[in-house]
Amino acid sequence: MATGTEPQPRTGVHGVHDASRAAITARHLRTDRWWLAPAATAAGLLAFVVYSTWRAFANADYYAAPYVSPFYSPCLAENCVPMKDGPNWEIFGSWWGLSPALLILIFPLGFRLTCYYYRKAYYRGFWASPPACAVAEPHKKYSGETRFPLILQNIHRYFFYAAVPVAGILTYDTVLAFRDEHYAWGHMGLGTLVFLVNIVLIWAYTFSCHSCRHIVGGKLKHFSRHPVRYRLWGWVGKLNARHMQLAWASLLSVALADFYVYLVASGAFDDPRLF
């Protein structure tokens, strides 16, 4: 008995409308607002890209003692603003005339771009590949991550190795935030709290990474023979279950920390001292 959904010969058609699939003319049968999630994701990521690009190329208002923007730490060029006891590593000489943020942002940016969650986020939000579950993508062909440039996603683990020392340096910056504007220790401002929240979220996001979970407990055949690694694997697994939330929270916190430093450094806001 004919049902109207028998495959019909169609040339030049691929994906869900291939001749081997059911002949359903509708692109999808979902009746909910499935487009809302990818649209919100695209808007959120686009807002961060615009803001971070502006701040990275600004090359100004990124240091207000004792705070240094996480976008500019560590500062690797001679044209950095001098920071007492801060992360001033003049590896690049006077020939580097661009913003020093461009030298360091490649590592946390690469870590996030290749992150498994962020792949899903921008694949759906920007490329509609696919835009949502049970919604066909508009592309006729799909090669996955087997070709350039998407094949570079496979170096995510190496960006994880680079992200860990960067997080360590941001931890050092947070410790320095317990000084006042005259570099005297034993003080705490509102910015210190901003930095504390940011570094906790940065480490939580970093440790929740799938690569971290594999490094800690991957390739183990007998957990009973590796009790320490098994315990660590369990902790990382709990964080990994919140990887999406931590990805967004840390993205927001690092932008907020930078914006706070910008407000203080530009004179638009005075850092309130708690003690």
Side-chain angles (χ1 to χ4, degrees), residues 37-38 40-42 44-49 51-53 56 70-74 76 101-133 137 139 141-171 198-221 226 229-230 232-255 257-258:
T41 298
L45 292 178
L46 183 61
F48 180 81
V49 169
Y51 173 79
S52 59
T53 301
F71 287 0
Y72 286 80
S73 181
L76 303 178
L102 302 179
L103 297 172
I104 193 62
L105 279 180
I106 184 62
F107 300 109
L109 179 62
F111 179 53
R112 289 184 182 264
L113 279 177
T114 58
C115 166
Y116 295 124
Y117 165 71
Y118 280 113
R119 293 188 209 182
K120 168 192 170 183
Y122 59 75
Y123 280 8
R124 289 190 173 190
F126 292 103
W127 298 342
S129 181
C133 292
E137 60 181 78
H139 313 289
K141 296 182 178 180
Y142 175 73
S143 60
E145 298 175 345
T146 61
R147 299 179 181 177
F148 183 84
L150 295 184
I151 195 173
L152 296 178
Q153 303 279 30
N154 295 318
I155 63 175
H156 176 59
R157 169 173 290 193
Y158 301 102
F159 275 117
F160 169 78
Y161 295 147
V164 169
V166 171
I169 294 169
L170 296 183
T171 303
N198 178 58
I199 196 58
V200 168
L201 290 174
I202 289 291
W203 276 117
Y205 167 66
T206 303
F207 286 143
S208 72
C209 171
H210 295 75
S211 291
C212 179
R213 188 168 184 260
H214 179 73
I215 292 170
V216 171
K219 296 185 178 181
L220 292 181
K221 295 182 179 179
H226 305 274
R229 290 184 63 182
Y230 175 66
L232 294 175
W233 180 81
W235 291 343
V236 173
K238 291 179 180 179
L239 287 175
N240 183 257
R242 299 288 184 269
H243 195 50
M244 179 184 72
Q245 294 90 334
L246 291 171
W248 281 104
S250 60
L251 193 72
L252 179 62
S253 71
V254 73
D258 171 81

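This is a predicted model, so every value here is computed, not measured.
Contact record, Ala128 with Glu137: O-CB, 3.1 Å, taken as the closest heavy-atom pair. Closest non-hydrogen pair, Leu113 versus Gln153, comes out as O-OE1, 3.3 Å. Taking both residues in full, the closest heavy atoms of Gly125 and Ala42 are given as O-CB, 3.5 Å, listed atom of the first, atom of the second, then distance. For His243 against Cys115, the heavy-atom pair with the smallest separation is NE2-SG, 3.2 Å. In plain terms, the two heavy atoms of Pro38 and Pro131 that are nearest each other are CG-O, 3.4 Å. Between Gly217 and Trp233 the shortest heavy-atom distance is CA-CD1, 3.5 Å.
Residues Trp203 and Val164 have side chains in contact (heavy-atom distance under 4.5 Å, counting atoms from C-beta outward). Looking only at side-chain heavy atoms (C-beta outward), Pro74 and Ile104 come within less than 4.5 Å of each other. The side-chain heavy atoms of Thr114 and Leu152, taken from C-beta on, include no pair separated by under 4.5 Å. Counting heavy atoms from C-beta on, the side chains of Ile215 and Tyr161 come closer than 4.5 Å.
With hydrogens and angles ignored, the 3.5 Å screen pairs no side-chain donor or acceptor of Arg157 with any backbone N or O of His214. Without hydrogens or angle criteria, Asn198 side chain to Val254 main chain gives a donor-acceptor distance under 3.5 Å.
Expressed to the nearest 0.5 Å, how far CG of Leu246 lies from CE of Met244 amounts to 10.0 Å. Atom-to-atom distance recorded for Arg229:CZ and Leu220:CG is 4.0 Å, nearest 0.5 angstrom. Put simply, CZ on Arg119 and OG on Ser129 are 13.0 Å apart, with the number rounded to the nearest 0.5 Å. Taking CH2 from Trp248 and CG from Leu201, the interatomic distance works out to 14.5 Å, rounded to the nearest 0.5 Å. How far OG of Ser73 is from CG of Leu105: 10.5 Å, rounded to the nearest 0.5 Å. A distance of 8.5 Å separates CD1 in Ile202 from CG in Leu251, rounded to the nearest 0.5 Å.
Annotation: Tyr205 is not in aromatic contact with Tyr117 [ring centroid separation under 6.0 Å not met].
Relative to the six-membered ring of Tyr122, Arg112 misses at least one condition, a distance below 6.0 Å or an angle of at most 45° to the axis.
At most 12 non-hydrogen atoms from other residues, nucleotides or ligands lie less than 6.0 angstrom from OH of Tyr158. Within a 6.0 Å sphere centred on CZ of Arg242, other residues, nucleotides and ligands contribute 12 heavy atoms or fewer.
Among residues two or more places apart in sequence or in another chain, the ring pair (Phe, Tyr, Trp, His ring centres under 6.0 Å) test is passed with Phe48 by none. For Phe71, there are no ring pair (Phe, Tyr, Trp, His ring centres under 6.0 Å) partners at least two apart in sequence or on another chain.
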CA sep, side-chain torsions, deciding dist, call: Phe126, Leu45, side chain to side chain contact (heavy atoms under 4.5 Å, CB included): CA-CA 10 Å; Phe126 292 103; Leu45 292 178; 3.9 Å; yes
Check step by step if side chain to side chain contact (heavy atoms under 4.5 Å, CB included) holds for His156 and Phe111. CA-CA 6 Å; His156 176 59; Phe111 179 53; 3.5 Å; yes
Step by step, would you call Leu46 with Tyr51 a side chain to side chain contact (heavy atoms under 4.5 Å, CB included)? CA-CA 9 Å; Leu46 183 61; Tyr51 173 79; over 6 Å; no
